[in-house]
Structure formats: structure tokens, C-alpha cells
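Reviewing the structure listed below.
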Protein chains: 2
Amino acid sequence: MALSFRQSEILGIARVEGRVEVEELARRFGVTLQTIRRDLTELADTGKLDRVHGGAMLRAGVANIGYEERRLMNADAKAAIARTCAAAIPENSSLFLNIGTTTEAVARALLDHRNLTVVTNNMNVANILVANESCDVIVAGGVLRRSDGGLVGDLTTDAIGHFKVDYAIIGTSALDADGDLLDFDSQEVRVSRAILRQSRQSYLVADASKLGRSAPVRIASLCDIDAVFTNAALPDDLTRRCSDWGTEIRLPRSR
Amino acid sequence: MALSFRQSEILGIARVEGRVEVEELARRFGVTLQTIRRDLTELADTGKLDRVHGGAMLRAGVANIGYEERRLMNADAKAAIARTCAAAIPENSSLFLNIGTTTEAVARALLDHRNLTVVTNNMNVANILVANESCDVIVAGGVLRRSDGGLVGDLTTDAIGHFKVDYAIIGTSALDADGDLLDFDSQEVRVSRAILRQSRQSYLVADASKLGRSAPVRIASLCDIDAVFTNAALPDDLTRRCSDWGTEIRLPRSR
DNA sequence: AATTTTATCTTCGTTTTTGTTCGTTTTGGC
DNA sequence: GCCAAAACGAACAAAAACGAAGATAAAATT
């Protein structure tokens, strides 16, 4: 079955937004709710989307509830950060993307970039970037973690050692007052460190909610990072330190 | 067939716009709707465009469509094979699943098994088995192939070398009259061979449509396989040879 | 000039899609 | 657990798009 104009457009919207609503789509296309429902049912039947009450979502693949909540938290901020970061990535370049909902937002923002080579240990990132035909996706293998679709373990670290890319784009669980990047899982931290080691430029993407939080394992310091993409100014002393370290701070252009 | 002046212009418009509509084209070229329809039908027949109601669109991932078709072909047979195979896999065991729509069917049939450890180079298998909470999923990394969600390359072969599992469950593109398993992609074949090497028992899952077909690269022979799960009796001489080799042939119980 | 070929138009019955209505199910507050 | 509102799916009718077949006209061939 070939998809209609409208259906493939719905799919496109879902890829970008992560979700679509019946009402909104009906308004947008100027058709009845029933027609949209039929479209969504068909897309769900062929496995392209997951149907939910009131709309549909990208195929869940890996997501569970806690993950969904995290993904929707600060969704706008994350999308804005992702756009800014994607704008800093030239076409024809290679990059790492690690685990995290913000890096997934970056993957979505990269759907229009051409000729990228992306190495990732995040199943969701791979699932998103499959849609970008001109992009080579390399999955660093490992043990699949249900909670967030991350691949971790020795296998992952080993695989990453095989590459050297232009940009590392990493997320973090927490960014404390000293400018240290922190995470909860030491396995994941080993992967993140390997990623930083194997890349020429390193970018941190983190929304403001990560700021001032804490977590037990240290990934790196902001002084090891070339630029941090976030959505609100950092505290004054951290800003000062960043300028000493030569770490650029990039905020989304206000709108 | 040579494209008419108008047809190649339609193609040009489609390349730019991504889609074309019958009405609009008819107006633009000053011809009737039927003429445009004929153009679009021809362009679709030669694979240049995808026909949809009201117009046509750029062909979306050619490969992807092929995959969908493959997945739906003999879907019932594959499901039956998968059930039989899954019944032969005890709980608390470890297994490989490689690329292929039949192995994906097996993954679906394993959703109720408990305490499995599954190593796979197939993103779809991983996405399916995520739903089985009691199952450890390990993804063997590699280059992601859009056409079927397979992960291939040296990275994959290396990763598989790290494991030794109880069962290898592999699919194949073709099974010829000599009992040789064949495939089209030599990279994928390397992965399949690595899988066979690293497992204690090896099962082939292949529906009858694979029988008597051919493909350029040899994976192995049925004599290397412990059991083959299929949906129709093999030719007599192959059956005889299998019994010489000690290769069991397992058919779904009729119903 | 006559004939064939090709592309297009016209007509009409068929298929697909969409809108409408209505009974059923799900959801969320109480 | 109960109820109202929202969302849903089934069924049918209307509308749009479709393809087949024959008619027409221009171009190519003889």
C-alpha cells in the first residue's frame, strides 16, 4: 500500500515532533477527524506509528514510561538547544551522539543535514536517523538498557575506540557548580569518556534543569569541552571559568 | 521507453517539490487529467515515482519498500515456522538471531520466553525483544543498513567473536538443491559464519520460498546445521542427505 | 496521397477516498 | 466505582479520482 500525500506528511511531522494529535492534524489539513483517524490507524497497522488516544506517536521501540516523561520534560527547551547545536554541525562531517533525550533531540534536528556519518550507542538516535537517507549510521554495540535505549558495556567502549570523528555531542545527567559533568552509571560514563577521547571537537548539550544537580560519577569537566549548548545563562562564576577555559557557551537565539 | 518532454519535466518538478498533483499538472501543461494520469502511471511503472491518489511522490526509500514487501510475503508461513522454532528453545538459554524477516518472526515468538540472553545484529529484533522484560538483549554493533535494519561490517563480526551461546538461529536468502545456504551480501555472510562458529547448536529458519533459489555467496551447508525449520517438505534427495548428515527437519504441526 | 502510428481527448463505469451519522469504548474527574 | 466528555470505529452515502475503450487529430511512414 502506498501512503497518501497526507499520510507521508503526517509521518514527517511525527518524526520531527515525536507525536501528532488528531484534532491538530484535522485542522491543519482541513479534513474531518474521522479521516485523520483512518490515516493514523493505517499508519499504525503498517507499523509506522503507535496509535494512542487522541493521536499517535513515533514507534515506541525502546521507550518506557519514566523515559517518556523525561523526554517530554522541557521538550521545547531541548528542541531549541538541539536546533542551535545542529546549526553548528557542518554537512559532510562525522560525529558521536551518546545516550540522552537531549542528544535525541539533536538527532531529530539533524534530519535535514546531508552526508553525515553518525556513530551512536543510543538505539533511539539510530532509529531516528534511519530516516535521513544521506546519513551513514553506525551503531556501537553493547548491552541494551531498557530504560532509555542506551547500549553500554565493554563492547560499546571497544567499538568507540575504532573511530575518530569530528564532533562529539554528549548529554549528561548533571552539571554541578564546579563545572563537572556527572552521571549515575559508571558504565555509561566510561562510554562517554571514550567518546570525548576519540573526537576532535566536543560539544555538551544540556538544558538548564541539569544545572546544579548532582550525580555520583564524574565524566569530565567543562574545561575539557569546546562548547556547551544550553537554554539559560550559567551562574556568573561558572561563566567566568568557562571563558578562562576557552569553553564557549551557546544559547538559542531568543524569539 | 523514452520519456516524453512533458514526463521529464514532471519528474523535474517532483524532484524539486517532492510531490506533484494531477490537477495542477493538467492545468500547467494544458492537457487533460487523463493524459497526466497516463504519464504518472508510466513514471510509476518504471519506478521513477510512487503513484498515490491525486498525484505522485518521489520514491521513498526504495529499499524500505522492498523490505516491507518481504516482511509481508509468506507472513503466515513465517509465523508458523517461528512458533515451531521458539518451542525448541528452552528458557534460561542464550542465542544469536541474525538478519532476516523470518528471524524477526522468531523474535516475536520468543516474547513469552523467560530469562533469555539474545545477541543480535538486527535492529528490528532488538526493538521487538525490548518488550520482553526478562530478556537480556545485546546488540552487536556495526554499520546500519537501511534496507532491512541489519548491522554489518567488521565491527559486527568482532563483537560476535566475544560471545559463545547455546543456539544460533539464522535466516538465509536462498537454499539451493545441494543444501547450501546462500546470501547476496558477503559482509552479511561473514557475520552469519561468525555466528555459526560461536554457537553450540545451530538452527536454520527458512520458508519454502527460499528453496531452489540461488545467491552468489555461500554461508554454509545444511550439514553444518543441527536442524532446519521450514513449512514444506524438502525435495526427496535433500531429505535423504539431511538424514545422512544428521540434520533434523522440523515442520509446523499441521492445523 | 494514402496509410500507419502516436498522442491526446471524450465518455463512462469502477474504485478509492472522504464526510456524516451513530452507537461503543476510553479517559479523567469525582 | 460512577458519570460525563472525549475519542473511537463501523457503516453508508457522496464526491473525487481512476482506468478502459473508442474517437480524433497530428505526425511519420509508405
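As a basis for the values below, the full set of heavy atoms in this structure was taken, side chains included, without hydrogen atoms, waters or symmetry mates. Below, chains carry the letters A, B, ... as their sequence lines are ordered, and counting in each starts from 1.
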In this structure, CD of A:Q7 is separated from CZ of A:F29 (nearest 0.5 Å) by 10.0 Å
Ranking B:E23 and A:E23 by the position along DNA chain D of their nearest nucleotide, the one closer to 5' is A:E23
Task: Close side-chain approach of B:P90 to B:Y167, heavy-atom, < 4.5 Å - done: yes
Practice problem: With the side chain counted from C-beta on, respond yes when A:V137 and B:R146 share a heavy-atom pair under 4.5 Å apart, and no when they do not. | Solution: yes
Separation of D:dG9 atom C1' from A:D39 atom CG, nearest Å, is 14 Å
Are A:L25 and A:L40 side-chain neighbours, meaning at least one heavy-atom pair lies under 4.5 Å? yes
Rounded to whole Å, CD of B:Q7 lies from P of C:dT6 at a distance of 15 Å
In whole angstroms, the gap separating P of D:dA7 from CD of A:E21 amounts to 9 Å
Here the distance between atom P of D:dG19 and atom CD of B:E42, to the nearest Å, is 12 Å
Rounded to whole Å, the CD1-C1' distance (B:I10 to C:dA7) equals 14 Å
Would you say B:R37 places a side-chain N or O within less than 4.0 Å of OP1 or OP2 belonging to D:dG19? no
- Query: Counting only side-chain N and O atoms of B:R51, is one of them less than 4.0 Å from OP1 or OP2 of D:dA17?
  - Reply: no
Taken to the nearest whole Å, CD1/B:I36 to P/C:dC9 is 9 Å
Below 4.5 Å, heavy atoms only, C-beta onward: do B:L251 and B:T230 meet side chain to side chain? yes
Stepwise side chain to side chain donor-acceptor pair (under 3.5 Å) check, B:N115 with B:E91: CA-CA 6 Å; B:N115 298 321; B:E91 309 209 318; 6.0 Å; no
Under a 4.0 Å heavy-atom criterion, the protein footprint on nucleotides 19-30 of chain C, written with B, S and -, is BB-----SS---
